[in-house]
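To keep things clear, I will list the structure first and then write my remarks on it.
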Amino acid sequence: MDAVLALAEASKSFGAVRALREVSLRLVAGEAHALAGENGAGKSTLVKILSGVHRPDNGRILLDGAPVDFGRPADAQQAGVAVIYQEPTLFPDLSIVENIFMGRQPRTRFGRIDRTAMSEQARRLFARLGVHLDPEQAARGLSIADQQLVEIAKALSRDARVLIMDEPTAALSGNEVARLFGVVNALREQGCAVLFISHRLDEIFELCQRVTTLRDGTLVAEHLIADITPDDLVRRMVGRDLDALYPKQDSAPGEIALEVHRLTREGVFTDVSFQVRRGEIVALAGLVGAGRTEVVRTVFGIDRQDAGWVEVGGRRLRPASPTAAMAAGLALVPEDRRQQGLVMDLSIERNVALTGLADVRRGPLISRAAEHARARDWAVRLRLKFARLSDPVGVLSGGNQQKVVLAKWLARKPSVLIVDEPTRGIDVGTKAEVHRLLSELAVSGVAVLMVSSELPEVLGMADRVLVMHEGRLVAELPRDEATEESVMSAATGRTAA
Amino acid sequence: MLARRWESLILVLLVAVCVWAALGVDGFANTSNVSFLLLDTTEIALMALSMTFVVVAAEIDLSVASTLGLSCAVLGWLWNAGLSIEAIMPICLMVGTLCGAVNGLLVTRLGLPSLAVTIGTFALYRGLAYVILGDQAVADLPAAYTTPATQPLIPLVLVAALGVGAAVLLHATGVGRAVFAIGANQEAAFFAGIRVKRIKFWLFVASGAMAALASLILTFRYASARADNGVGLELAVVAAVLLGGVSIFGGRGSLPGVLMAVLLLGVVRNALILADVANEVLNFVTGLLLVASVLVPNLGALWRRRSTSQQEVP
């Protein structure tokens, strides 16, 4: 059958990162097509190309077999491509019907907006979808699920023929998912082509007829759902060789350094409890959005918990105070280096000194010599490549910037080091250095908690792997039981613990 | 680097304007004019000291002149009520501190933008001043205070002492380092354990207290406490801070630069008045310098953004 919308050998790079390499995909009328892959496999880039947000560097987009150029999202909309996101973007103060027809309101003969016709059309759309929503109700207060249905109705009112759904179920409950699937199935039978992205494998198997797997920006395989099992699919998503990048040394775990007790932040994560011992590296694995970063932010006091507490060295921490967490011996190397880890305009030495302003003083005044010595000491130990320590940290490469973040925290000699995506976006050489450093720190008795989305890093470095799924800790795997399959299964919610 | 070059530029301008005024403007280069000129910048200098901290921390306080006015009104009202000046002065300082604390609480606890908050309190504090004192001028203040205030010695010593103190605090202590970090990247500063809200709160408090201190000097200098004392001074203060090289986006600036800019603005103003230039033109020149001081350091960046905007916005 001919594809309504197809991608032919499309590639896209962002700087040196090749997000997508010669990927082809065909969306056929009446078929729901799943896109599977780990975080960073290229799924979002593909969606953005099909919806006109990005233009591919190479390759073509084919609409009904003819090449088209989506220069802007409006071009894709015009061609009948509609995208439903995880978080819909409605105007909260307008009614449902006003949202559906925003910018394309039907007019009366006198040029005024024809409210009667608008309501009538909205009612017909909802009837076609088989849902009961009052078109005159304000969008504010609608559940995420209802907002998505409004978005779908909006897409239908534009005669969309291709429906792209980017993790639409992430924020939905079981019943809402069932209702959404009912709507999608109805549309499919009416001749829509559907592209469905979800981290939940069971949903892919329930809704879709075909699945394309991406890994590291390349197309791994395309299967009919009938020809593949969930386990096969997981294997195709992760199938990489563990290389010798991870110089993990054995160390004997000591006493408990960090204890997290039933920590809860409503709507973000629930009832998270775990311990990290001195000398141990514990990885916190899971998919993007599972709540890992949010947990470590709360442990460090950036956010305030609704329930539960954190103990460091047996003493309970004051909630929502990074200052208290630091005084207790905690350090956090945050996920976003440029925004949270460093002050880009400040020099290397001032960034390193920022966590220890009390340590670089002589009397009440800052000692520039002490400040310089602190930075020099750690720059040498971490083999930082720099011209002058007084240079702004922004001129360094990503890997060297990450070393400055590590320096500013290690200079405090923390007893518990939390690292969130410690090697994201840095080169392979520096990556290995960071891994060696973490391993040495653990051997020296530091408790290390590492959030990472890279499975090889998790498996290569961790003594224990904690897996989160949708805001809950669902599995705890000792080193010898942690495999790519067991971690991914838990992370995608296929096993309950 | 840029800051150093900017300071040098201001210094060169200051010297050039002084030379031009000394040679070309009658009555500029004599002792009484120079001492008047210095006296006339005292209040702006005091408020610019604390404003420098506030702007470096990427906030702003537009209510300083209104706080000054409120403090003047309280002074006049309490003097009329029969209190001694020695009792009134600490009360005025407390009023200013309180005004600053209100700004600080609204900005840090409620998370409101300081621009909006202090435009609001700009009107609020000035309005309160009129409520307290109406349109009367309280002029029968004791000569023991009004006479020394017309001599440059005490105000100059005060500005010099506080100026050195503020410069050391901003450029050589942990608090100063933290203020720069907050202005450059508030989130990263918070992640480094800096108490962002607490520091910002105290910056607004200091700003209010300095405005009250300035109000005492202004009142004694003119021997007149009025509700409309210092109307429009916030413009001069902000102009001096920005002209002094403090980035309106926060994270950059130096106190010596600001103090030189206060002097530069004072000299320009004084020379133009001596040259019989109309008041409207003076405001025009202040406004021009303000726009120029925001524009010039950012010209390069603006130019780059323009030339690359086509690629950035798809």
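The chains referred to below are lettered A, B, ... by the order of the sequence lines, with proteins before strands, and numbering in each begins at 1. All values reported here derive from a predicted model rather than from experimental measurement.
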Tell me, for [X] versus chain B, whether the close heavy atoms (under 4.5 Å) come from the side chain, the backbone, both or neither.
X        : answer
A/Leu365 : both
A/Arg55  : neither
A/Arg361 : neither
A/Ile366 : both
A/Leu354 : both

>> So if I apply the side-chain hydrogen bond (donor to acceptor under 3.5 Å, both in side chains) rule between A/Thr293 and each of A/Asp420, A/Asp336, A/Thr298, which one comes out positive?
In response: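 Looking at A/Asp420, A/Asp336, A/Thr298, the match for A/Thr293 under the side-chain hydrogen bond (donor to acceptor under 3.5 Å, both in side chains) is A/Asp420.
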>> Under the rule for side chain to side chain contact (heavy atoms under 4.5 Å, CB included), what residues qualify as partners of A/Arg315, not counting sequence neighbours?
In response: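 By the side chain to side chain contact (heavy atoms under 4.5 Å, CB included) rule, A/Arg315 matches no residue at all.
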> B/Ser63 and B/Asn103: side-chain donor and acceptor closer than 3.5 Å?
Replying inline: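 Side-chain D/A pair, B/Ser63 to B/Asn103: present.
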> Mind checking which of residues 192-202 of chain B sit less than 4.5 Å from chain A, heavy atom to heavy atom?
Replying inline: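 From residues 192-202 of chain B, the residues near chain A are B/Ala192, B/Gly193, B/Ile194, B/Arg195.
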>> What residues of residues 157-165 of chain B make heavy-atom contacts with chain A at a cutoff under 4.5 angstrom?
In response: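 Under the 4.5 Å heavy-atom cut-off, nothing qualifies.
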> Taking NZ, NE, NH1 and NH2 as the nitrogens, is one of them in A/Asp306 or A/Arg265 under 4.0 Å from a carboxylate oxygen of the other?
Replying inline: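 So A/Asp306 does not pair with A/Arg265 through a salt bridge.
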> So, are A/Asp75 and A/Arg72 salt-bridged, with charged N and O less than 4.0 Å apart?
Replying inline: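 Yes, charged N to carboxylate O under 4.0 Å.
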>> Taking the cut-offs as 6.0 angstrom to the six-membered ring centre and 45 degrees off its axis, would you call A/Arg412 and A/Trp409 a cation-pi pair?
In response: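 Output no; distance or angle outside limits.
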> Going from CD on B/Glu187 to CD on A/Gln340, what distance comes out if it is rounded to the nearest 0.5 angstrom?
Replying inline: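 Answer for the CD-CD pair, B/Glu187 versus A/Gln340, is 4.5 Å.
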Determine whether [X] and [Y] make a side-chain contact, defined as any pair of heavy atoms from C-beta on separated by less than 4.5 Å.
X        : Y        : value
A/Pro322 : A/Ile302 : yes
A/Lys403 : A/Asn400 : yes
A/Val53  : A/Val83  : no

>> I need the minimum non-hydrogen distance between B/Leu243 and B/Leu289, along with the two atoms involved.
In response: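 That closest heavy-atom pairing would be CD1-O, 4.4 Å.
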>> Please give me the minimum heavy-atom distance between B/Asp61 and B/Ser207, naming the atom from each residue.
In response: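 That would be OD2-OG, 2.7 Å.
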>> The criterion is side-chain hydrogen bond (donor to acceptor under 3.5 Å, both in side chains); which residues satisfy it with B/Glu234, sequence neighbours excluded?
In response: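 So B/Glu234 forms no side-chain hydrogen bond (donor to acceptor under 3.5 Å, both in side chains) with any residue.
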> Do you know which of B/Gly176, B/Ala181, B/Gly251, B/Ala188 has the most heavy-atom pairs under 4.5 Å to chain A?
Replying inline: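 Option with the top pair count is B/Ala188.
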> Among A/Arg338, A/Glu371, A/His54, which residue forms the greatest number of heavy-atom pairs with chain B at distances under 4.5 Å?
Replying inline: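 The option with the most such pairs is A/Glu371.
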